[in-house]
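In the text below, chain A, chain B and the rest are named by the order of the sequence lines, each starting its count at 1.
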2 protein chains.
Amino acid sequence: MVETITQSIQDYLKHIYELNENGGTASTNDIAARLNIAPASVTGMLQKLASSNPPLVVYKKHQGVTLTKSGEKAALEVIRHHRLLETFLVNTLGYSWDEVHREADRLEHVISEDFEARMAEALGHPTRDPHGELIPTADLVMPTDESCPLASLRTDETATVKRVSDDDPALLRHLREIGVIPEVKLTVKNYSEFDGNLTIKVSGQKSNVVLGRTITNQIFVEK
Amino acid sequence: MVETITQSIQDYLKHIYELNENGGTASTNDIAARLNIAPASVTGMLQKLASSNPPLVVYKKHQGVTLTKSGEKAALEVIRHHRLLETFLVNTLGYSWDEVHREADRLEHVISEDFEARMAEALGHPTRDPHGELIPTADLVMPTDESCPLASLRTDETATVKRVSDDDPALLRHLREIGVIPEVKLTVKNYSEFDGNLTIKVSGQKSNVVLGRTITNQIFVEK
DNA sequence: CTTGTAATTTAGTCTAACCTAAATATATTT
DNA sequence: AAATATATTTAGGTTAGACTAAATTACAAG
């Protein structure tokens, strides 16, 4: 049998992977929200993905889905494409941090394995994309992420920024302005018990910045 | 109204443009052959393209189609994407002459205008792609081509290669081997009345080569 | 000017992926 | 434990773009 993995199936798998990373199982509604389609349409597709050969998801009515091994491989393939593309667009065409996402979302489905390999080669086989997200390896293994939210640090702790959540372009632009980008070092000058704000000294920047919980939960660091 | 120009419509328009360049009107069968689909499917699409708003083709039953101004603009947009992409892939990812075509065929439909502009900029606004095909300008005008088939030259004439037909990868590899690539100078050493063969001295190559009609009709030069 | 062939069109189907509305299952609150 | 709210599924429908088979039109050759 071996049914074809269409572009929309790739999109489903990618988002299910990301939902699985956080929650566990991915719910019909969450998937629908991410794909901007009606929940009813998602149900139909999940049934199809579960009964394809080989099955790409494990699906129990009313209980969401998880990826099978095959589903995960297919998802990682797309994610590798996406993250390599983001890196490539920033490095070779001067795209900025916040502009690459939409472009990569369209390109990820159409590039060949050859294109993927040539990009990886040209970029020196990077392990993270411009936002610091880990890039699955060529044999489709997702490296483990050792980083923790900046929000979990306390006064006098020092760490290196590893990753920044990429789903809000405005936040990305802001972080770029205050110098919070991957591989930059920072130190917590103060932690406020009251509201969870952190006062941060960013290496290379003159003045300290105060960041709220909402932001510090989207920045990931290694001590 | 302004209906959306889907990927397959883009493909139809691109091939109709190319058929119009040679023949005049594009026939149902020719289009079907190029797109690898059944002629009956083409008829349906042509009717749709002719009655869309604005109309993209002029269609008279049993007499093939030509592009309208709107159809031509849409076609040139795709062709510009394609040719810039080929140039980009060769220049920045080390693709060879004969490998770029398939990749560009998929990418041409999904890149943004921004991507197009960045490529053009990075490449220094090239006027020809790696095979020497003219690239439509940013405002979608196809430059006029002054070149003529190598087959039309006679003994002792000298010319510069401008373009090579790109639809046969094997031919492309052969031409690369004997040094026949755009901007290379060559001289006709002999013309054979009998079979139309040309004996050619290619600048930078030690030994002369003899090329038959089939090949010399696919190489375009300027004297 | 008729007849055979090739090109084209019509008519009717199919599939993928979406939709809406209604039905049902699950979860939450009182 | 019932009542309500929320999440999910079912049922039925739409659209784009392909298909095959049959009908028609155009064209070329005797």
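- Under the 4.0 Å criterion applied to side-chain N and carboxylate O atoms, B:Lys14 and B:Asp105 are assigned as salt-bridge partners.
- A salt bridge is defined here as a Lys NZ or Arg NE, NH1 or NH2 lying under 4.0 Å from an Asp or Glu carboxylate O, and A:Glu99 with B:Arg118 meets this definition.
- A:Leu13 places its CG atom 11 Å from the P atom of C:dA17, with the value rounded to the nearest Å.
- Backbone-only contact: B:Thr28 has heavy atoms under 4.0 Å from sugar-phosphate atoms and none from a base.
- Rounded to whole Å, atom P of C:dT8 lies 13 Å from atom CD1 of B:Ile37.
- Think of the region where chain A sits on DNA chain D: with heavy atoms and a 4.0 Å cut, that region ends 5' and 3' at D:dA7 to D:dT10.
- The stretch residues 42-52 of chain A touches DNA chain C through A:Met45, A:Lys48, each having a heavy atom under 4.0 angstrom from the strand.
- B:Glu77 has no carboxylate O lying under 4.0 Å from a charged side-chain N of B:Arg80, or vice versa, which leaves the two without a salt bridge.
- With the nearest nucleotide of DNA chain C identified for both A:Lys61 and A:Ala38, A:Ala38 has the one nearer the 5' end.
- Residues B:His62 and A:Ala40 each lie close to DNA chain C; by heavy-atom proximity, the contact nearer the 5' end of the strand is made by B:His62.
- Between B:Asp145 and B:Arg128 there is a salt bridge, since a side-chain N of the basic residue sits under 4.0 Å from a carboxylate O of the acidic one.
- The side chain of A:Tyr12 places no N or O atom within less than 4.0 Å of a non-bridging phosphate oxygen (OP1 or OP2) of C:dA16.
- The closest donor-acceptor contact from the side chain of A:Thr25 to the backbone of A:Val65 lies at 3.5 Å or more, if one exists at all.
- A side-chain donor-acceptor contact under 3.5 Å links B:Glu103 to the backbone of A:Ser112.
- Judged purely by atom type and a 3.5 angstrom limit, B:His81 has no side-chain atom pairing as donor or acceptor with the backbone of B:His109.
- Of the side-chain N and O atoms in B:Tyr59, one or more sit less than 4.0 angstrom from OP1 or OP2 of C:dT9.
- Without hydrogens or angle criteria, B:Thr216 side chain to B:Arg213 main chain gives a donor-acceptor distance under 3.5 Å.
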